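Accompanying notes for the structure given below.
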Amino acid sequence: MKKASLVVMISGNGSNLQAIIDAIQAESLPAEIKAVISNTREAYGVERAKRAGIPTFIKVKRKDQDREQYDAELAEIVKMYRPDFVILAGWMRILSMEFIGAFPNRIINLHPALPGTFPGVNAIERAWQAFQNKEISHTGIMVHLVPDEGVDLGPVLTQKIIEIKPQDTLEDLEKRVHQCEHELLVETIHKTILQSEESHA
Ligand code: GRF
């Protein structure tokens, strides 16, 4: 079976990137990470990629550039690696159509909340706070396609409910969410690769 080519885009710790690397190394995910792209120099995920022997590319937005120019350049970089899928694993910049339009149906994003809830940054913290205010009884995570500029919006590939316990600190909830994300992201990439193989068979 041909391995799917991935480009993984990150901005920070890269624990989800690590989950993908681990699954590939364990041969439970038929994929190859062609490159890891970061928009910040400080992202620890870049170290993780280097340690795994994966090419890395740091693309910081210049002050004289607008968002569209940056995204167009970013798209050119990602295209060089000819990815079957582009994985946004903690990529913290909102992408414009200059980027998204270059990879139709091939961009996959991970959001640490259920569809339609807590879009944008600090989703886990906002869910924890909403639970304290008795506004929600549980939270969750989702993996979805990115068809347009909607933040954490798009056709849902998979989702999972995550319970919040009354005694949970924010740190407890963050830990539980991240563990579930690592599993769901890898599972979803796997499922999506298999589906795309079937549709091309
Ligand atoms: C994850 O919670 C992801 O859902 C969100 O940013 C976080 C990235 O974590 N978009 P990491 O960099 O993969 O550790």
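If you're wondering where the values come from, they're calculated on a predicted model, not measured in any experiment. Counting starts at 1 for both ligands and their atoms, following the listed order.
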Show me the side-chain donor-acceptor pairs of residues 155-167 shorter than 3.5 Å, one per line, residues at least two apart or across chains.
unit_1: Thr158; atom_1: OG1; unit_2: Thr188; atom_2: OG1; d: 2.6

Do me a favour and list the nearest non-hydrogen protein atom to [atom] with residue, atom name and distance?
atom: atom 10 (N) of ligand 1; value: Leu110 O, 3.6 Å
atom: atom 1 (C) of ligand 1; value: Glu181 OE1, 3.3 Å
atom: atom 9 (O) of ligand 1; value: Asn16 ND2, 3.6 Å
atom: atom 12 (O) of ligand 1; value: Gly14 N, 2.7 Å
atom: atom 6 (O) of ligand 1; value: Gly90 CA, 3.6 Å

Should the heavy atoms of other residues, nucleotides or ligands under 6.0 Å from [atom1] of [X] be counted, would the total exceed 12?
X: Glu27; atom1: CD; answer: no
X: Asp66; atom1: CG; answer: yes
X: Ile94; atom1: CD1; answer: no

Any atoms of ligand 1 less than 4.0 Å from a non-hydrogen atom of [X]? List them with their elements.
X: Asn13; result: 12 (O), 14 (O)
X: Pro112; result: 2 (O), 4 (O)
X: His178; result: 2 (O)

(message) Less than 4.5 Å apart, side chain to side chain, heavy atoms only: is that true for His182 and Asn16?
(response)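 With C-beta onward as the side chain, the pair touches.
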(request) Flag His111 as yes when one of its N or O atoms lies below 3.5 Å from any N or O atom of ligand 1, and as no otherwise. (result)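 No, no N or O pair falls under 3.5 Å.
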(message) Looking at non-hydrogen atoms alone, which of Ala123, Gly45, Ser15 comes nearest to atom 11 (P) of ligand 1?
(response)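 Ranked by closest heavy atom to atom 11 (P) of ligand 1, first place is Ser15.
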(message) Going by ring pair (Phe, Tyr, Trp, His ring centres under 6.0 Å), name the residues that satisfy it together with Phe103, two or more places apart in sequence or in a different chain.
(response)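 Once residues adjacent in sequence are excluded, the partners of Phe103 under the ring pair (Phe, Tyr, Trp, His ring centres under 6.0 Å) criterion are Phe99.
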(message) Please determine whether a side-chain nitrogen of the Lys or Arg among Glu174 and Arg176 lies less than 4.0 Å from a carboxylate oxygen of the Asp or Glu.
(response)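 Salt bridge: no.
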